[in-house]
Amino acid sequence: MTLPQTPGPIGVFDSGYGGLTILRQIRALLPRYDYLYLGDNARAPYGPRSFPLVLEFTTQAVHRLFEMGCQLVILACNTASAKALRTIQQQCLPGWDPNRRVLGVIRPTAECVGELSATRHVGVFATEGTIASQTYNLEIAKLHPDIRVTGLACPMWVPLVENGEAEGDGADYFVRERIERIMALDPEIDTIILGCTHYPLLLNKIRLYAPSHVRIIPQGDYVASSLRDYLSRHGEMDLRLTKRASCRYFTTEAPERFDASASLFMASPVESERIDLS
Ligand code: DGL
C-alpha cells in the first residue's frame, strides 16, 4: 500500500499509557501541530518481551501511523527506542518512504544528564528490555564518558500504571524497594533518570521515597525541546506537518478503559478509537 504524500500529523507511539507523559509535554511546547497518539495497551507491557517481538509490534505501529498520514513518528517508549528504532530507521524507512522520520526518546534524555549530575553518578530506572539492551549506558558513555551509570529494571512499575494502581497503596512497596536498591548499588547517585515513559505516572511516590538530594528526571521536557530543535533545523519536515492543534487517540484495547485513564492524566476529556495492529 502506498503511503499518503500529503502533509499530516505527528505520530506518538507507546506500548500503552506511558507515552502520554511525552505527548503532554510536546503539546505544551508545540501546541499548533496535529497529533495522533497510539497506545498498544492490548499488548503492553513491552518491557519483558523479546527483542524480535518488540521490533515486530513497533514496526506494525509505526507503519500504521504512516498509513494514517503521519509524516514523523516519535517512539515515546524507551523499550521500543532501545530495541526497534535503529532497525526501523535503517531498514524500513528507505523502502516505505525515505522522507518520513522516526525519532526516539533515549538520545535526548542521555544528552541532558551532563548538566544535571554533580557527582557524575547517575541512576537509570527502566524496563527489563531497556536495561538489558544497555542503550542508556552506551549513549551516556558516548556523550559524557566521565559519568558512571547504574541501571535497574523495575518490572512491577508498568503493570501498576497500566492497571490504574499508580496512586494506590500497593505501589508504595514496589517504589520504595527499587529506590533503596539503586541507592545501595551506588550511594553516590545524585540524579535518577526515569527511562520509561510510564514511570512519571508514579512520580509522587518516587519523590516521596527518593533521598531529598537525589534529582529525579522525567523525560518529557527534554524530548519536547529536542523535537522543537529538530523541527527548527529541518524546515522540510516542518512543511510536511499540519497545524490545526488537533489530537486524536487510538488504542488496541477497549477505548472506554483507555479514555478513563487518559482523561485523568491529560486533564481533559479523551475520546479514543480502537485500532487493530496485528
Ligand atoms: N513506556 C515504555 C517505555 O518507555 C514501555 C513500558 C512497557 O510496555 O513495558 O519503556
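Note that this is a predicted model, so its numbers are computed, not measured.
Residue pairs meeting the ring-ring contact (aromatic ring centres under 6.0 Å, His included) criterion with at least one partner in residues 170-228, sequence neighbours excluded, are Trp157-Tyr199.
A ring-centre distance under 6.0 Å is not found for Phe13 and Tyr37.
Checked by atom type, the side-chain pair Asn78/Gln219 shows a donor-acceptor distance below 3.5 Å.
Taking 4.0 Å as the cut-off between side-chain N and carboxylate O, Asp186 and Arg148 count as a salt-bridged pair.
In this structure, His121 has no ring pair (Phe, Tyr, Trp, His ring centres under 6.0 Å) partners at least two apart in sequence or on a different chain. Under the side-chain contact (heavy atoms from CB on, under 4.5 Å) criterion, Arg32 pairs with Lys243, not counting sequence neighbours. For the ring pair (Phe, Tyr, Trp, His ring centres under 6.0 Å) test, no residue two or more places apart in sequence or in another chain qualifies with Tyr136. In this view, Tyr46 and Phe57 satisfy the ring pair (Phe, Tyr, Trp, His ring centres under 6.0 Å) rule, not counting sequence neighbours. Residues forming a side-chain contact (heavy atoms from CB on, under 4.5 Å) with Glu111 (at least two apart in sequence, or on another chain): Arg107, Leu143.
Side chain of Asp34 to main chain of Ala245: a donor-acceptor pair is present (N/O by atom type, distance under 3.5 Å, no hydrogens or angles).
No side-chain heavy atom of Leu36 sits under 4.5 Å from any side-chain heavy atom of Tyr249. In this structure the side chain of Tyr35 never reaches within 4.5 angstrom of the side chain of Pro9, judged on heavy atoms.
A cation-pi arrangement is absent between Arg178 and Phe125, since the terminal nitrogen or guanidinium carbon is not both under 6.0 Å from the aromatic centre and inside a 45° cone about the axis.
Checking Ile22, Val105, Thr58 one by one against Leu75, the side-chain contact (heavy atoms from CB on, under 4.5 Å) holds for a single residue, Thr58.
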